[in-house]
Each structure stands twice: as structure tokens, then as C-alpha cells.
Amino acid sequence: MNTLPLSTRFNTQIRAASMITLVMMAAAPAYAEKSCEVRRAEMTQALQLAEQHQHVQKEAGLRKALDELNAHCTHAGTLANTRHELTQLDDKISEKQQSIKKIQQEIDLARAKDDAKKITKLQRKLSHKNDELLEAQQKRGEVNAELAALER
């Protein structure tokens, strides 16, 4: 059984809802258009909860946050942010590919010198860079899908 007073439990619920909203707003710059709608819905739900429990300060803060969200979370803004994120990911992928090429050259040199210890070290480094490249490529695919959905 929950032994906390009702007002404390309610404040905790409001804080959690507010924190979720703030984290979502401050997270990665590119969100699909649906994300604006999801954030509006979550914030509206938190606002209704504040109204139900007559928590005036939380209600005022959530109203202000909702107004800011409505003013700044637009289709055009989301589209521009998504395109920008895609460009950044393209640059990141290019850098990872160059890094992998350089490490591969270092491995070739270490093989020519028959330096097993250095080869092992570089292979671990190469494996790590390949993982990072794969992650960036997957993220690019997700962002590209978001962009395609936004451009429809």
C-alpha cells in the first residue's frame, strides 16, 4: 500500500509528466511530425491532471510549455531539422569510413612488420569503428525514413 499522502503522489505524477515532456523537447533535434502531436498529447494530459487536482502553479507552467510547443513545433521546422540531421549523419558516416580506411592501412603496415600485438590492437579498434559506422548508417536509415514521411 502506498503510504505517501495524496498531494505528494500527485506532485510526483506531475513532476514525472513534466520531466518526460522536457526531456522529449530537449532531446535530439529531429522528430517526425507525429512527435509534435505526441508531445502535445502528453502535455495536454499532464495539464488536465493539474487542472483536476487544482494545482495552479503546475497548470500555469504546463500552459506556458504547451504554448511554446505549439509556437515552435511546426512541420517546416521539423522538416528542416530532419534534413540537417541527415546532413550531419552523412558527414559522420564519411568520417567513420575514412577512419576505417586509415586503420586498415595501419593494419597492413603492422602485418608487413609482422607485429602481432599491434595487429590485434588495431583489429579491435577497426571492429569498434565498424560498429560505430553501422550504428550511424542505421540511424541515417531511420532519419531518411522520417524525412520521407514528412515530405509526403
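Side-chain contact between Asp91 and Gln88: absent, with no pair of heavy atoms (C-beta onward) separated by less than 4.5 Å.
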Would you check, one step at a time, whether the test salt bridge (charged side-chain N to carboxylate O under 4.0 Å, His left out) holds for Arg63 with Glu59?
-> CA-CA 6 Å; Arg63 281 193 194 284; Glu59 186 180 334; 3.1 Å; yes
Step-by-step side-chain contact (heavy atoms from CB on, under 4.5 Å) determination, Lys102 to Glu106:
CA-CA 6 Å; Lys102 182 180 176 187; Glu106 291 176 16; 3.5 Å; yes
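Separation of atoms OG (Ser99) and CD (Gln97) is listed at 11.0 Å; rounding is to 0.5 Å. Here Leu147 contributes atom CG and Arg152 contributes atom CZ; the two are 10.5 Å apart, rounded to the nearest 0.5 Å. A distance of 9.5 Å separates CD of Glu142 from CD of Glu85, quoted to the nearest 0.5 Å. Separating the CG atom in Leu86 from the CG atom in Asn144 is a distance of 5.5 Å, to the nearest 0.5 Å. How far CG of Asp67 is from NZ of Lys64: 9.5 Å, rounded to the nearest 0.5 Å.
Between Lys58 and Ala50, the shortest heavy-atom distance links the atoms CB-CB, 4.2 Å. When all heavy atoms of Arg40 and Asn70 are compared, the pair lying nearest together is NE-OD1, 2.7 Å. Taking every heavy atom of both residues into account, Thr78 and Cys36 meet most closely at OG1-SG, 3.8 Å. A pairwise comparison of heavy atoms in Met43 and Leu62 identifies SD-O, 3.9 Å as the closest pair. The nearest pair of heavy atoms linking Leu89 to Ala136 is CD2-O, 4.3 Å.
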Would you tabulate the side-chain donor-acceptor contacts of residues 118-135 under 3.5 Å, counting partners in other chains and residues two or more places apart, or write 'none'?
residue	atom	partner	partner atom	Å
Thr120	OG1	Ala116	O	3.0
His128	NE2	Glu132	OE2	2.7
Asn130	ND2	Leu126	O	3.3
Glu132	OE1	Lys96	NZ	2.7

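Shown here are the side-chain contact (heavy atoms from CB on, under 4.5 Å) partners of Gln45, two or more places apart in sequence or in another chain: there are none. Partners of Asp90 under the side-chain hydrogen bond (donor to acceptor under 3.5 Å, both in side chains) rule, at least two apart in sequence or in another chain, are Arg140. The side-chain hydrogen bond (donor to acceptor under 3.5 Å, both in side chains) check on Gln98 picks up nothing, with sequence neighbours excluded. For the salt bridge (Lys or Arg N to Asp or Glu O under 4.0 Å) test, no residue two or more places apart in sequence or in another chain qualifies with Arg111. Asp115 is linked by a side-chain hydrogen bond (donor to acceptor under 3.5 Å, both in side chains) to nothing, counting only residues two or more places apart in sequence or in another chain.
No more than 12 heavy atoms of other residues, nucleotides or ligands lie within 6.0 Å of CD in Gln57, so this atom counts as exposed by the packing criterion.
Residues Val143 and Leu79 are members of one and the same hydrophobic cluster, defined by side-chain heavy-atom contacts under 4.5 angstrom among Ile, Leu, Val, Met, Phe, Trp and Tyr.
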